[in-house]
Amino acid sequence: MIGKKLLEQTCEAVKQLYGQEIKPGTIGLEITKKEIAGDFTIVVFPLLKISHKSPEATANDIGNFLKASIPEISEFNVIKGFLNIVLYDGFWLDFLQENCLRSDFGILEPRKEAPIVLEYSSPNTNKPLHLGHIRNNLLGFSLSEILKANGHNVVKVNLVNDRGIHICKSMLAYMKWGNGETPVSSGIKGDHLIGRYYVLFDSEYKTEIKQLVDQGLTEELAAKQAPLILEAQEVLRKWEARDPEIYQLWETMNNWAYEGFDLTYRRLGVDFNKIYYESGTYLLGKELVMEGLASGALLKKEDGSIWADLRDEGLDEKLLLRADGTSVYMTQDLGTAQLRYDEFRPSDMIYVVGNEQNYHFDVLKKVLGKLGKEFAGHISHLSYGMVELPMGKMKSREGTVVDADDLMDEMYLTAETTTRELGKANELSGDEAFALFNTIGLGALKYFILKVDPKKNMLFDPKESIDFNGNTGPFIQYTYARIRSLLSRAQAAGFAPGGTDIPPGTSLEPLEKETIRRLFLFSGAVIQAGSEMNPAVIANYVYDLAKGYNQFYQELPVLKEDNPAKLMIRLTITEFVGRTIQTAMTLLGIGVPARM
RNA sequence: GGCUCCGUAGUUCAAUGGAUAGAACGGAAGUUUCCUAAACUUUAAAUGCAGGUUCGAUUCCUGCCGGGGCUACCA
C-alpha cells in the first residue's frame with residue numbers, strides 16, 4: 001500500500017518537476033538499511049538523466065514533493081542518490097493494530113481460476129526414498145502451500161514410476177533368490193525389502209559383466225549381453241504383454257513399495273490430491289506417439305523404432321518407442337501431461353524434478369509442441385540442485401545413500417537427546433514428548449533443506465548432522481515457544497494483545513519499530529516466494545523475523561514494563577510475531593511447538 | 001568435445017544492478033538475583049583470475065582457471 005503510493009507519487013513528482021512520464025518499474029524502492037535513518041528508500045540515480053541535476057538535488061526535489069503529497073511522511077534525508085523517507089510512528093502503529101490479530105496476514109484469498117497442477121515426489125518402486133527425494137518432497141509440499149497463499153488453486157499430484165526395466169530387475173532378482181520372502185515374514189519395510197533385491201540384481205549383474213569381460217568382450221558389449229539383463233528385458237516384454245504370473249508379482253511387489261512410501265510420506269508430512277501411475281499413462285503416451293507418427297510430426301526408423309527429430313530446434317533426435325514396441329520414460333511423460341491437462345484444464349503444470357533432468361524437460365516441451373499441444377507452453381520445471389555428501393554424489397550401488405527413514409530416525413533421536421540434556425522434557429507425558437521430538441527433529445531437517453535456494457546444489461554432512469542452534473529450524477521454533485509462553489502469562493495476568501489501549505501519538509522505540517517493519521515485509525516475501533517458486537525466501541524471512549524478535553525480547557521488558565501503553569505495544573508485537581512465525585513455518589511445512 | 005549450471009569468511013548458507021557484501025557454525029571475549037541461556041552482546045575473518053558495459057557490478061557480457069550435471073533404445 002504505502003510502497004505503491006510512494007512509487008506512484010514519485011512518478012508524479014518526476015512528471016511535474018521534470019515534465020517526463022516514467023514507469024514505476026524504473027524506480028528502485030527499498031527498505032532503508034538498518035544503520036540509516038528512514039523507513040523506505042528511493043534510489044534516484046536512474047532519474048538523473050531526466051532531472052539533469054546532481055543526485056542530491058534530485059533526491060531533495062522528490063523528497064519535498066513526496067512530503068507535501070503523502071501525509072504519512074514525517075521527514076526525509078538524502079545521502080548521495082538515496083532518498084530516505086521516514087514515516088510517522090502512527091503509520092506503524094496503525095499497521096500493527098490493523099493486522100496483529102488477523103489469521104490471514106500475508107495470505108491472499110483463493111481466486112476462482114484454473115488450478116495449477118504441481119507434480120512432486122515421483123518415486124520409483126524399486127527402492128526406498130533417500131535424501132534427494134526428501135529435498136524434492138519438501139520443496140514440492142512447501143511450494144504448494146506458498147502458491148495457495150498466493151491465491152492459487154493447487155492440485156498436488158504424484159507420479160509413481162511403477163513400471164520399466166528398473167522394477168523388472170528387482171522382480172527378477174526376487175524370482176531367482178527371494179524364496180517367497182515378504183515384508184511380514186522378514187520384518188522389513190516393503191520399500192526397503194524391494195530395494196535389497198534391486199541392489200542384489202545389480203551386484204550379480206556386475207559379476208556377470210566381469211566374467212564376460214574376462215572372456216574377452218568389451219565392457220559395453222558385456223553390459224548388453226549379460227544373461228541377467230537379457231532376462232530382465234524379457235520380464236519387461238512379458239509385463240507389457242500382461243503375462244499373468246509376471247503381472248501378479250509386479251502388483252504384489254509394488255504394493256509393498258506403496259505401503260512403505262505411505263509411512264515415509266506421512267512422517268514427512270507431505271500428501272497428494274491425486275496419484276498417477278506410469279503403468280496407467282504409458283499407453284496413452286504410446287497413442288500420442290502413434291498419432292504423431294500418423295500426422296508426420298514423428299518419424300519411424302528402419303528397425304521400427306519411433307523418434308522425434310528436434311535437430312532444427314537445437315536439440316537431438318529423441319527415441320519415443322523402442323523397436324520392440326516398449327516405451328521409455330519420455331513416452332509416459334507425454335501421456336501423463338495429456339491426461340493431466342484433460343483432467344484439470346490447468347493454467348500451469350509445474351514439475352518438481354532434479355536439475356539432472358533439465359534436458360528431459362526441454363525435450364518434453366518441444367515434443368508436446370511438435371504434437372500440437374498448446375499446453376506445452378504452460379509447463380514449467382522447478383529444477384532443484386543435487387544434495388551432495390562430503391564424499392560427493394550419493395550412489396546407491398556404493399552404499400553412500402542417505403536413507404529417508406533412517407535420517408528421520410536420527411533427527412528424532414538428536415531432538416530427544418538435546419531436549420533431555422537441557423532438562424526440558426521432564427514435565428512432558430510420553431505422547432507429548434514424542435510429538436515434541438518429532439516436531440523439533442523434523443523442523444531441523446526441513447529448515448536445513450528449505451533455507452537453501454532450490455536451484456543450487458547443497459551439501460549435507462551426515463557426521464556433522466544438523467545443528468539446533470543458530471540459523472536453524474529449532475531456533476525459530478524456540479522463539480515461537482517463548483512467545484507462546486509469554487502470551488499465556490499475559491493472559492493469566494489479564495492482558496489481551498490487540499492494541500486497543502494504545503493512545504494515539506505514542507512513539508515507538510527503535511527495536512519496536514524495527515520489529516514492526518519486519519512484520520510489514522511478510523506479504524512481499526510470500527509473493528516473491530511464489531513468483532520465484534522459492535521456499536528459501538520464506539525461510540530466510542522467518543529467520544530474520546525470529547532473530548530480530550529475540551533481540552527485542554532480550555532488551556525490552558514486556559509484562560514487566562510499567563508504562564501500560566508500552567506494555568500493550570510490546571505485547572501486541574509479540575502476538576503478531578508469533579502468528580507470523582507460525583504462518584511462515586506452515587508455508588514451509590514445519591510445525592511449531594507451544595513449549596520446548 | 002558439445003550444451004548447461006555453479007565458484008562469496010576456515011565451513012555451511014544470504015545479498016530485485018545500489019550505500020560500509022549479511023548470517024550461522026567453528027575461533028576469541030562477555031551476559032542469568034530479570035517474561036524459557038535451544039537465547040543475547042562484542043570481536044577477528046570472504047566476492048577464483050583478467051578484461052568490458054555502467055554514475056555504480058557478488059549480480060550483466062567476454063575470456064581463462066576450478067567443480068557439478070546432461071549429452072542412454074535408464075528413470
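Letters go in sequence order (proteins before strands), and every chain restarts at 1.
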Could you tell me whether [X] contacts a base, only the sugar-phosphate backbone, or nothing, with contacts defined as non-hydrogen atoms closer than 4.0 Å?
X        : value
A:Asn358 : nothing
A:Ile440 : base
A:Thr574 : nothing
A:Ala490 : nothing
A:Tyr359 : sugar-phosphate
A:Ile165 : sugar-phosphate

Quick check: any donor-acceptor pair below 3.5 Å linking the side-chain of A:Asp303 to the base of B:C73?
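When only heavy-atom distances are counted, A:Asp303 does reach the base of B:C73 through a donor-acceptor pair under 3.5 Å.
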
Would you kindly give the CD-to-C1' distance between A:Gln551 and B:A39, to the nearest whole Å?
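Atom CD in A:Gln551 sits about 12 Å away from atom C1' in B:A39.
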
Provide, to the nearest angstrom, the distance between the CD atom belonging to A:Glu219 and the P atom belonging to B:A72.
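A:Glu219 atom CD is separated from B:A72 atom P by 18 Å.
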
Non-neighbouring partners of A:Asn161 that pass side chain to side chain donor-acceptor pair (under 3.5 Å), sequence neighbours left out
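Partners of A:Asn161 by the side chain to side chain donor-acceptor pair (under 3.5 Å) criterion, ordered by chain and then number, come out as A:Asn124.
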
When every nucleotide of nucleotides 12-27 of chain B is labelled 5' to 3' by its protein contacts under 4.0 Å (heavy atoms), B for base, S for sugar-phosphate only, - for none, what sequence of letters results?
SSS-B-BB---SSS--

Which nucleotides of nucleotides 42-47 of chain B have their base under 4.0 Å from a protein heavy atom (B), which only their sugar-phosphate (S), and which neither (-), written as one string 5' to 3'?
------

For B:A44, what is the paired nucleotide under Watson-Crick or G-U wobble rules, both distances under 3.5 Å?
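Pairing partner, where one exists within any strand: none, as none qualifies.
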
Name the pairing partner of B:G66, where a pair is Watson-Crick or G-U wobble with both distances under 3.5 Å, or state none.
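Pair assignment: B:G66 / B:C6.
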
Could you tell me whether the phosphate oxygens of [N], OP1 or OP2, come under 4.0 Å of any side-chain nitrogen or oxygen in [X]?
X        : N     : answer
A:Arg482 : B:A37 : yes
A:Ser485 : B:U36 : yes
A:Tyr329 : B:A72 : no
A:Arg484 : B:U36 : no
A:Asn550 : B:C40 : yes

Measuring only the [atom1] atom in each nucleotide, how far is [N] from [M]? A whole number of Å is fine.
N     : M     : atom1 : value
B:A45 : B:G22 : P     : 13 Å
B:C5  : B:U11 : P     : 26 Å
B:U12 : B:G7  : P     : 13 Å
B:A9  : B:U31 : P     : 33 Å
B:A24 : B:G63 : C1'   : 36 Å

Strictly under 6.0 Å, is that where the ring centroids of [X] and [Y] end up?
X        : Y        : value
A:His166 : A:Tyr198 : no
A:Tyr277 : A:Trp250 : no
A:Phe82  : A:Phe45  : yes

Under the salt bridge (Lys or Arg N to Asp or Glu O under 4.0 Å) criterion, do A:Lys206 and A:Asp202 qualify, and how do the steps go?
CA-CA 6 Å; A:Lys206 280 216 175 86; A:Asp202 199 67; 3.1 Å; yes

Residues A:Glu561, A:Arg570; criterion salt bridge (Lys or Arg N to Asp or Glu O under 4.0 Å); working and verdict:
CA-CA 9 Å; A:Glu561 171 59 43; A:Arg570 291 174 192 170; 2.9 Å; yes

Shortest non-hydrogen contact between [X] and [Y], atoms and distance:
X        : Y        : value
A:Ile538 : A:Ala584 : CG2-O, 3.6 Å
A:Gly354 : A:Ser383 : C-OG, 4.5 Å
A:Leu450 : A:Ala539 : O-CB, 4.1 Å

Hey, can you tell me if A:Phe448 and A:Phe460 have their rings parallel, tilted or perpendicular (30° and 60° cut-offs)?
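A:Phe448 vs A:Phe460 ring planes: perpendicular.
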
